[in-house]
Each structure stands twice: as structure tokens, then as C-alpha cells.
Protein chains: 2
Amino acid sequence: MNKLQTDILEKGFKVTPQRLAILKYLKENRVHPTAEKIYSEITKEYPAISLTTVYKTLASFVEVGMVKELDIDPHKMRFDICTEDHNHFHCRVCDNVYDVDCDGSTITGDLHSSTKIEGHKVDTVDIHLKGVCRYCEAVSS
Amino acid sequence: MNKLQTDILEKGFKVTPQRLAILKYLKENRVHPTAEKIYSEITKEYPAISLTTVYKTLASFVEVGMVKELDIDPHKMRFDICTEDHNHFHCRVCDNVYDVDCDGSTITGDLHSSTKIEGHKVDTVDIHLKGVCRYCEAVSS
DNA sequence: GTTCGTGCAAATCTTTTGCAGTTTC
DNA sequence: GAAACTGCAAAAGATTTGCACGAAC
């Protein structure tokens with residue numbers, strides 16, 4: 001019984017090859033993939049999976065907090081294995097999303113589950129940076 | 001010649017009743033509406049407008065910087081008349097988006113058009129707060 | 001064996017596009 | 001009158017749903 005299986009069982013899910021493949025992909029590839037990306041990558045080694053299942057599985061994982069939805073990209077949802085707080089940078093050239101460690105604690109440090117800002121109860125704070133990533137910048141200059 | 005007309009002309013656009021209606025709505029209703037919302041609100045007083053035109057007009061306004069796209073809401077785009085920097089709070093109960101003045105300058109203050117974070121050139125910083133708004137919180141308690 | 005998961009096909013929802021006719025300047 | 005704008009209908013892209021079959025426990 002490996003770690004992936006345990007993670008799935010702990011949440012009350014049944015262990016299926018599809019779920020293992022998705023979880024494994026997410027853990028090994030921290031690229032904030034879209035559902036389509038996960039699907040196409042997994043299909044390479046594991047053809048017996050459908051896009052529908054990817055969506056349904058991701059929805060289940062999100063519901064129990066294993067995975068986080070990242071709406072930094074205007075027209076499609078991206079998914080991120082939950083880890084400690086970090087923020088995201090979206091490159092408008094290559095469309096990739098990168099983790100960044102910029103100091104958000106100046107804001108997030110003030111926030112707890114009960115924190116209110118202008119009367120609104122704040123659960124999460126996401127900092128979305130946009131621009132041109134180091135790789136695209138290098139190519140264009 | 002009123003202010004709305006001037007705003008539109010200055011950007012090199014032709015002044016049409018549709019554009020005036022959209023701009024007027026956006027200026028008077030800072031609720032970060034979706035395209036659909038703008039359409040349905042405008043239609044009440046001005047039935048001769050199509051959703052397609054709303055989308056096309058918004059795209060034009062975004063292109064010249066009059067309007068900003070706000071992707072805080074997972075499945076639909078919201079639009080905001082550009083003003084000075086501010087941040088947004090998305091209520092997961094009523095689905096409304098509110099402006100907030102929480103101090104993002106601790107982060108954004110460090111950022112200029114040439115600022116880099118971990119090598120990435122940062123153009124914009126958006127802080128997205130999510131939770132339950134003051135009104136929904138009041139109702140539920 | 002029961003419950004849960006999968007996957008097809010079809011539906012839904014938002015947004016975009018092609019194009020012909022209309023309006024603005 | 002030329003260039004830009006509008007709006008219909010159709011297309012496109014992402015995601016969801018209904019349902020029958022199959023797998024996990």
C-alpha cells in the first residue's frame with residue numbers, strides 16, 4: 001500500500017487506477033495543469049481514461065481539499081495539489097503558471113479564518129501576478 | 001457633448017447608443033457585472049442591444065484600457081471600469097464581487113512595470129479575497 | 001452484493017466568429 | 001461614401017449531466 005493509495009482511502013474514496021494516475025500526475029508535475037492537460041498527459045501511459053472522469057475526479061478531490069482550483073487563467077480552470085500557501089504568476093506569452101514565493105504574508109499574515117476586511121469574512125487570499133515569465137522574456141530579447 | 005461621449009471619442013471609437021449605454025451602466029453600477037448582467041440590465045431601458053454587441057464593445061474598451069477584465073469568478077468574466085488600484089472580494093454565497101481597500105501596497109508598492117519576482121517580469125498584481133460577504137453573513141446568523 | 005466509479009453521448013454555458021445590413025463621421 | 005458598428009445565427013471551447021455498465025470493497 002503506497003502513499004497515493006493511502007491518500008485516496010483516507011478521504012473515503014475507492015482506489016481506482018484512474019484516481020491513482022491523476023493523483024500521481026498532480027504530485028509529480030506541479031505545473032498547475034488544466035483538466036485537458038491532465039487528461040492528455042495521462043493518456044500517454046494510461047489510455048483507458050476519459051476526460052469526463054478527469055473532471056469528476058478533480059471535483060471530488062477539490063471537495064475534500066486535496067486539490068485546489070486556480071482561476072488565474074481567464075478561460076480554463078487550473079488545478080493544484082494543495083501545499084502550504086504560495087502564490088502564482090501567469091505568463092501571458094506562453095500561458096504557463098508558476099509558483100512564486102513573493103511575500104504575501106504582509107497581507108495574508110493578518111488573515112485568519114475569522115478575519116474580516118470591510119466586514120467581509122475572508123477565507124482565502126490569492127495573489128495573482130501576471131506578466132512575462134523569465135523564459136519568454138529571454139527568448140524575446 | 002457629455003462626458004460619456006468624450007470618453008468614447010477620445011479613444012477613437014464612434015459614438016453609438018449601445019456604447020453610451022454600456023459605459024453609462026458601468027460608471028453608475030460598480031458591481032463588476034458579467035457581460036450577461038450588463039446585457040440584461042441595459043435591455044430594461046434600451047431593448048435594442050444584443051449580447052454580441054455587449055461582448056464586442058467590452059472587448060474594445062478592454063483593449064484601450066477603459067475597462068478591466070476581472071477573472072475572480074471561476075466560470076464567467078467580470079468587468080470593471082478602471083479606477084485606481086483596488087482589490088476584490090468574491091462572496092461564495094451570493095456570488096457578488098466587492099471592491100476592498102485592504103492594504104496591498106505592501107506587495108504592490110514594491111512593484112513597478114520593470115519589477116521582477118523570481119525572474120518573471122510582473123505587469124499586474126491582483127489580490128483576490130474569497131469568503132462570505134457582510135450581507136450573507138448577517139442573513140445566516 | 002451493494003455502493004461507488006467510469007465513460008459515452010448529449011446538454012449547458014460562456015464567449016467568439018462570419019457576414020450582411022446599418023450607422024457614424 | 002468609407003470605415004466602423006451592430007446583431008443574427010452558428011461555431012467553439014470548457015465543463016456538466018444522465019444513464020448504463022463495470023469495478024472496488
Side-chain angles (χ1 to χ4, degrees), chain A residues 1-2 4-23 25 32-43 46-64 66-79 95 97, chain B residues 1-2 4-23 25 32-43 46-64 66-79 95 97:
Chain A
M1 171 91 50
N2 69 32
L4 293 178
Q5 292 178 306
T6 316
D7 286 349
I8 294 174
L9 280 172
E10 270 174 3
K11 298 295 182 178
F13 294 127
K14 288 181 176 170
V15 177
T16 67
Q18 290 89 336
R19 288 184 169 164
L20 287 170
I22 292 170
L23 194 54
Y25 179 77
H32 318 88
T34 60
E36 177 64 43
K37 171 84 176 172
I38 295 170
Y39 171 69
S40 66
E41 289 298 315
I42 288 180
T43 309
Y46 185 84
I49 191 169
S50 77
L51 183 53
T52 303
T53 296
V54 174
Y55 274 110
K56 285 179 179 170
T57 301
L58 288 170
S60 304
F61 286 176
V62 167
E63 208 166 336
V64 298
M66 292 170 77
V67 165
K68 212 182 149 203
E69 290 181 305
L70 235 191
D71 57 350
I72 197 175
D73 189 349
H75 297 306
K76 37 190 185 287
M77 188 62 82
R78 287 165 176 276
F79 299 88
D95 207 40
V97 172
Chain B
M1 171 94 50
N2 69 33
L4 293 177
Q5 291 178 307
T6 316
D7 286 349
I8 294 173
L9 280 172
E10 270 175 1
K11 299 294 184 179
F13 294 126
K14 289 182 176 170
V15 177
T16 67
Q18 290 89 338
R19 285 183 173 167
L20 287 170
I22 292 170
L23 193 53
Y25 178 78
H32 320 87
T34 60
E36 179 64 40
K37 170 83 175 171
I38 296 170
Y39 171 69
S40 65
E41 290 297 314
I42 288 180
T43 308
Y46 185 83
I49 191 168
S50 76
L51 184 55
T52 303
T53 297
V54 173
Y55 273 110
K56 285 179 179 170
T57 301
L58 288 170
S60 303
F61 286 175
V62 167
E63 209 167 334
V64 299
M66 292 170 77
V67 166
K68 211 182 151 201
E69 291 180 306
L70 236 191
D71 57 349
I72 197 174
D73 189 351
H75 296 306
K76 39 191 182 285
M77 189 63 81
R78 287 164 176 275
F79 298 88
D95 206 41
V97 172

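Below, each value reflects all heavy atoms present in this structure, side chains not excepted, and no hydrogens, waters or symmetry copies. Naming convention: chains lettered A, B, ... in sequence-line order (proteins, then strands); numbering from 1 in each chain.
- In this structure, B/L20 atom CG and D/dC5 atom C1' are separated by 13 Å, rounded to whole Å.
- Of the listed nucleotides (D/dA24, C/dT6, C/dT14), C/dT14 has the atom at the smallest distance from the side chain of B/K76.
- Scanning atom types as modelled, one donor and one acceptor separated by under 3.5 angstrom connect the side chain of B/K14 and the base of D/dA3.
- If you measure from atom OH of B/Y39 to atom P of C/dT15, you get 15 Å, rounded to the nearest angstrom.
- A 4.5 Å side-chain heavy-atom check between B/V62 and B/M77 finds every atom pair outside the cut-off.
- In plain terms, the two heavy atoms of A/I22 and A/V54 that are nearest each other are CD1-CA, 3.9 Å.
- Rounded to an integer number of Å, the gap from CZ of A/F13 to P of C/dT6 is 10 Å.
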Dump the pairs, protein N or O against N or O of nucleotides 16-18 of chain C, anything under 3.5 Å, distances to one decimal.
from, atom 1, to, atom 2, distance (Å)
C/dG18, O6, B/K56, NZ, 3.1

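- Within the 3.5 Å criterion, the main-chain N or O of B/H32 finds a donor-acceptor partner in the side chain of B/R78.
- Remark: P of D/dT15 and CE of B/M77 are 13 Å apart, rounded to the nearest angstrom.
- Across every non-hydrogen atom of A/Y25 and A/P33, the tightest pair is CE2-CG, 3.8 Å.
- Taking side-chain N and O atoms only, B/Q18 has no distance below 4.0 Å to OP1 or OP2 of C/dT23.
- Closest of all the heavy-atom pairs between B/E36 and B/L51 is OE1-CD2, 3.6 Å.
- The distance from the OG1 atom of B/T34 to the CG atom of B/L70 is 12.0 Å, given to the nearest 0.5 Å.
- When the side-chain nitrogen and oxygen atoms of A/T53 are compared with OP1 and OP2 of C/dG7, one or more of them lie within a distance under 4.0 Å.
- Counting only heavy atoms from C-beta on, B/T57 has its side chain closest to D/dT6 among C/dC25, D/dC25, D/dT6.
- Comparing the helix axis at one end of the helix from C/dG1-D/dC25 to C/dC25-D/dG1 with that at the other, each defined from 5 consecutive pairs, gives an inter-axis angle of 30° (nearest 10°).
- Protein atom CD of A/E36 is 16 Å distant from nucleotide atom P of D/dA12, rounded to whole Å.
- Computed from coordinates, the A/F61 CZ to C/dG5 C1' distance equals 12 Å when rounded to whole Å.
- With values rounded to the nearest 0.5 angstrom, B/K56 atom NZ is found 12.0 Å from B/Q18 atom CD.
- Note: CZ (B/R78) to P (C/dT14) measures 11 Å, nearest angstrom.
- Using a distance-only test at 3.5 Å, with no hydrogens or angles considered, a donor-acceptor pair links the side chain of B/S40 to the main chain of B/K37.
- We find that CG of A/L58 is positioned 14 Å from C1' of C/dG5, with the value rounded to whole Å.
- Rounding to the nearest 0.5 Å places OG1 of B/T57 at 10.5 Å from CE of B/M66.
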